[in-house]
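See structure below.
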There are 4 protein chains.
Amino acid sequence: MVNEHRSGPVRSTAAREAILDATARLFHNQGYDRLTIQGIAKEAGVGKQTIYRWWPSRGALIGECLAEGRLIPVDFVVPDTGDLAADVETWLRSVLSILEAPEGGALLRSLVAAATEDAGVGAHLGESLGVEKYLTERIRGGIRDGQLPTDAPVEQLGRAILGAIIVESLGREHHDSESIVHLTRFLFSPRS
Amino acid sequence: MVNEHRSGPVRSTAAREAILDATARLFHNQGYDRLTIQGIAKEAGVGKQTIYRWWPSRGALIGECLAEGRLIPVDFVVPDTGDLAADVETWLRSVLSILEAPEGGALLRSLVAAATEDAGVGAHLGESLGVEKYLTERIRGGIRDGQLPTDAPVEQLGRAILGAIIVESLGREHHDSESIVHLTRFLFSPRS
Amino acid sequence: MVNEHRSGPVRSTAAREAILDATARLFHNQGYDRLTIQGIAKEAGVGKQTIYRWWPSRGALIGECLAEGRLIPVDFVVPDTGDLAADVETWLRSVLSILEAPEGGALLRSLVAAATEDAGVGAHLGESLGVEKYLTERIRGGIRDGQLPTDAPVEQLGRAILGAIIVESLGREHHDSESIVHLTRFLFSPRS
Amino acid sequence: MVNEHRSGPVRSTAAREAILDATARLFHNQGYDRLTIQGIAKEAGVGKQTIYRWWPSRGALIGECLAEGRLIPVDFVVPDTGDLAADVETWLRSVLSILEAPEGGALLRSLVAAATEDAGVGAHLGESLGVEKYLTERIRGGIRDGQLPTDAPVEQLGRAILGAIIVESLGREHHDSESIVHLTRFLFSPRS
DNA sequence: CATTAAACGAGACGGTACGTCGAGTCTTGTC
DNA sequence: GACAAGACTCGACGTACCGTCTCGTTTAATG
C-alpha cells in the first residue's frame with residue numbers, strides 16, 4: 001500500500017501560521033541571538049512540542065520564514081532597460097534601502113547569523129534578495145548583449161556583490177551606499 | 001600624568017595566556033556556537049570570574065584571539081611580481097587552502113557567526129586574512145602600474161572577494177575553488 | 001467552583017520524594033550550613049529548577065522534611081501514669097537521647113539554624129518534638145489533677161524546657177542530661 | 001630566649017576598631033545571614049586580609065562584638081529589692097524591651113544564628129544579657145533568702161527563661177511579653 | 001638615623017553556589 | 001493523534017563571596 005492511512009487530526013494550519021508569524025515578529029524585534037523556541041511558543045500561543053514536531057531547529061524556522069518572504073517582504077526584481085550597469089544599480093539600491101532602514105544592519109547580521117547555523121538559511125539568503133532569480137539572470141542577459149565578456153563569472157559576480165554588502169555590514173562602520181554602488185559600476189560598466 | 005598608579009596584584013599573564021589558548025583550542029574543536037565561557041574556564045583551569053573581569057563577552061575573546069593570530073595563524077602576504085592578477089590569485093589560493101582543510105568551512109562560518117555578535121571580530125576578520133594590509137595595498141599598486149583604472153574601487157574589491165568566499169561558505173555547496181579564482185581573474189585581468 | 005482545572009503534566013511525586021529524601025540525608029550528614037540546593041539536586045538526581053519550582057528556599061525544604069518527620073523520625077509521646085513529673089521526665093529523656101547521640105548536638109543546632117532563617121521551621125520545631133501535641137497536653141492534665149496550680153503557664157513551661165535544651169546545646173559545654181532533668185523535677189514536682 | 005623580638009608595626013587599633021564597628025553596624029542593618037567578610041572590609045575601608053589575619057571566621061567577629069557590648073549595648077543588671085520575683089521581672093522586662101523594638105526579633109534570631117555557627121557566640125550569648133553575671137547570682141540570693149528551695153536548679157532556671165524567649169522568637173508569632181512574665185512569676189513566686 | 005620586616009589597602013586569583021533561562025523530552029487532558 | 005500547557009533533566013548564564021595570594025606603601029622597633 002502506498003497510501004498509509006491514519007486516524008486523528010492533521011497539521012493545524014492555524015498553528016503553523018501563528019508560529020511563523022511569531023517567529024518573524026520576534027526575529028525583527030530582538031534579532032536572531034535572542035530568538036528562543038520558548039519565546040516563539042508563548043508569542044504564538046502554542047505548545048513547544050508543536051514547534052518541535054514540525055521544525056528541527058530554530059534555524060529551520062527562520063529558513064521557512066525567509067523562503068515565504070516573511071523576513072524580507074520585498075521582491076527584488078531587476079529591470080531590463082538595456083543598460084546592464086544601470087539595471088544592476090537599481091537592484092542594488094533597493095537592497096541597500098533595507099540596510100539603511102533603522103536596525104537594517106542588525107537585520108542583515110541576524111540573517112547571516114542564522115545562515116551560519118542553518119544550511120537552509122544560507123542557501124536561500126541570496127535567493128530571497130533576488131540574486132539568483134533576477135540579478136544573475138540579468139547579468140546573463142548582459143553577456144548576450146555583449147556588455148560583458150562571454151567568460152564573465154556570472155554567478156560569482158552576484159555573490160561578490162552580496163558578499164561585499166555582508167562584509168561591510170559585519171564591519172559596522174558607518175554605512176556608505178555609494179562605495180558599493182561604485183563597486184557595481186566598476187564591475188558592469190562597459191569595457192572598452 | 002596619564003598613568004594612574006594603583007597598588008595590589010597585577011593581571012596574571014599566565015591566566016590570560018591560558019584563557020586565550022583554551023578559547024582558540026575549543027573554537028577550533030567545537031565551533032563558535034558550542035563555545036561557552038564555562039567550558040573555556042574549565043579548559044584553562046581558571047575561574048569564570050577571571051574571564052568576566054577582563055572580557056565583556058564571548059565575542060570579545062574571539063576578537064582578541066583573532067587579533068593575536070591564534071585562530072588563523074598564517075600571514076597572508078601578497079607577493080608583488082608585477083602581475084596583479086597573478087599576485088591576487090596567489091593570495092586567494094592561500095586563503096582558499098584554509099577552506100579546503102577539513103572543517104575549514106565550519107571554521108570560516110564560526111568566524112562569521114562571531115562577527116555577527118561582536119563588532120570587534122567583524123572589524124578584524126578581513127584584517128587577519130591580510131585584506132587591508134596586503135591585498136588592498138597590492139591593488140593600489142596595480143592602479144599605479146596602470147593595470148587597473150584609476151577610479152577602481154580599491155577597498156570594495158577586497159571586500160567583494162572576501163564576501164564571495166563567505167557567501168559560498170554559507171551556501172555549503174561543495175566548495176569549488178576555481179569559481180572564485182575565475183572571479184578574481186575577471187576582476188584583475190588586464191583590461192584592454 | 002473552587003477547583004481550577006488545568007491540563008498538562010502533574011507534579012512528579014518521584015521527584016518530590018527524591019528531593020526530600022536527599023535533603024534529609026544531606027542535612028544529617030553535613031548540617032544545615034553546608035546544605036546547598038545544588039548538592040540536593042545532584043544527590044536527588046533532579047534539576048535545580050524542580051526544587052525552585054516547588055520550594056522558595058532551603059529553609060522551606062527543611063521545614064517540609066521536619067513536618068513529615070524525616071529529620072527526627074521519633075514520636076515523642078508523653079505517657080500518663082498519673083505522676084506528672086515522672087511523665088514529663090520520660091518525655092525529656094527521650095528527647096535528650098537525641099542530643100546524646102553522636103552529632104546530636106550538631107543536629108539540634110542545625111535545626112535551630114534553619115529555624116532562624118525560616119519561619120516554618122521555627123513554628124514546627126517544637127511540634128516535631130511533641131511539645132504542643134503531647135507535652136503541653138500532659139501539663140494541662142496535671143492542672144486538672146491538681147498537681148499544678150490552675151494559673152500555671154502551660155505553654156510557656158513547654159517552651160522553657162525546650163529552650164533550656166537549646167541554650168545548653170548552643171553553649172557546647174559537655175552535655176549533662178541530669179541538669180535539665182533536675183530542672184523539670186523542680187518545675188513539676190508536687191508543690192506543697 | 002622566650003621573648004621573640006621582631007621589628008615592624010604592631011596591630012593597628014584603628015583597623016580593629018573600624019572592623020568591629022562595621023561588623024556591628026552591618027549586623028544590625030542586614031542580619032547575620034547577609035553579613036559578609038567582603039562587605040565588612042569595604043564598609044570598614046580595610047583590606048580583607050586584615051580581617052582574616054586577626055579573626056578566624058565571621059562568627060568570631062560577632063563573638064568579639066558581642067563580648068564588647070557592641071551588639072547589645074545595655075547592661076542588664078538585676079536589682080535586689082528583696083523580692084526575688086519582682087527583681088527577676090525587672091530584668092526580664094528590660095530584656096524583652098529589646099525584642100519589642102523594631103527588628104528586635106530579627107536581631108535575636110541573628111544572634112542565635114551566629115551562635116549555631118560559632119561556639120564563642122553561643123557561650124557568650126547569655127552572658128551579654130546578664131544571665132550568668134546578674135540573673136543567676138540574684139537567684140542564688142533568692143535561695144539564701146529562703147524564697148527558693150535549696151535544691152533549685154539555679155543555672156538551669158536562667159537558661160530556661162532565656163530559652164523560652166528564644167523559642168518564642170523562633171516561632172515568629174506576635175510577641176506577647178506577658179506570657180513570659182507569667183512564666184517567671186510562676187517560677188519565682190513564693191512557694192508555700 | 002638607616003634598615004628592615006610586618007601590617008596594611010587594594011584587589012586578582014581558583015573555586016563553589018547562587019537563582020534564572022532556555023533546550024529538548026515527556027506527560028496529561030481536551031478537542 | 002494533534003494540540004496547549006507545562007513539568008521534567010540538563011547545562012550554561014552572569015554574579016556574589018569564599019579564603020589565599022601578591023602587590024606597593026606605611027610604620028615602628030632594631031641595629
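We name chains A, B, ... by the order of the sequence lines, and we start the count at 1 in each one.
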Exercise for the section: Report the residue (A:A41 or B:Y52) whose heavy-atom-nearest nucleotide on DNA chain F is the more 5′ of the two. Expected result: A:A41

Problem - No-H, no-angle donor-acceptor pair, B:K48 side chain to E:dG15 base, under 3.5 Å - result: no

Exercise for the section: Nearest whole angstrom, please: distance from the C1' of E:dC21 to the NZ of A:K42. Expected result: 12 Å

Practice task
Output yes when a side-chain donor or acceptor of B:R109 lies under 3.5 Å from a complementary backbone atom of B:S169, and no otherwise.
Solution key: yes

Problem - A:I37 vs D:T13, nearer the 5' end of DNA chain E by closest nucleotide - result: D:T13

Exercise for the section: Select from C:A44 and B:G8 the residue whose nearest nucleotide in DNA chain F is closer to the 5' end of that strand. Expected result: C:A44

Exercise for the section: Check the distance between E:dC18's C1' and D:R34's CZ and give it to me in whole angstrom. Expected result: 14 Å

Exercise for the section: Starting at atom CD1 of B:I40, determine the distance to atom C1' of E:dG15, rounded to an integer number of angstrom. Expected result: 18 Å

Exercise for the section: Describe the nucleic acid contact of A:G45 in one word from base, sugar-phosphate, nothing, applying a heavy-atom distance below 4.0 Å. Expected result: sugar-phosphate

Practice task
Output the single nucleotide from F:dC13, E:dA12, F:dG24 whose closest atom is nearest the side chain of B:T36.
Solution key: F:dC13

Handout entry: Closest nucleotide among F:dA4, E:dC13, F:dG19 to the B:R53 side chain
Key = E:dC13

Practice task
Evaluate salt bridge (charged side-chain N to carboxylate O under 4.0 Å, His left out) for D:D118 paired with D:R58, printing each intermediate quantity in order.
Solution key: CA-CA 9 Å; D:D118 185 89; D:R58 200 172 55 137; over 6 Å; no

Problem - For atom CD of B:E117 and atom P of F:dC13, their distance in whole Å - result: 11 Å

Practice task
Would you tell me if any nitrogen or oxygen in the side chain of C:W54 comes within less than 4.0 Å of OP1 or OP2 on F:dG6?
Solution key: no

Handout entry: Distance in angstrom units between C:W55 CH2 and E:dG19 P, rounded
Key = 15 Å

Problem - Distance, rounded to the nearest Å, where A:D33 contributes CG and F:dC13 contributes P - result: 14 Å

Handout entry: Closest-nucleotide 5' rank along DNA chain E - winner of C:Q38 and D:T50
Key = D:T50

Problem - Cation-pi geometry met for C:R16 and C:W54 (6.0 Å, 45°) - result: no

Completion exercise
CD1 (D:I62) and OG (D:S57) are apart, to the nearest 0.5 Å, by 9.5 Å

Handout entry: Atom-to-atom span, CD of B:Q49 to P of E:dC18 - whole angstrom
Key = 17 Å

Handout entry: Value in whole Å for how far the P atom of F:dA7 lies from CD1 of C:I51
Key = 16 Å

Handout entry: Inter-residue atom distance D:L71.CG - D:F27.CZ, 0.5 Å rounding
Key = 5.5 Å

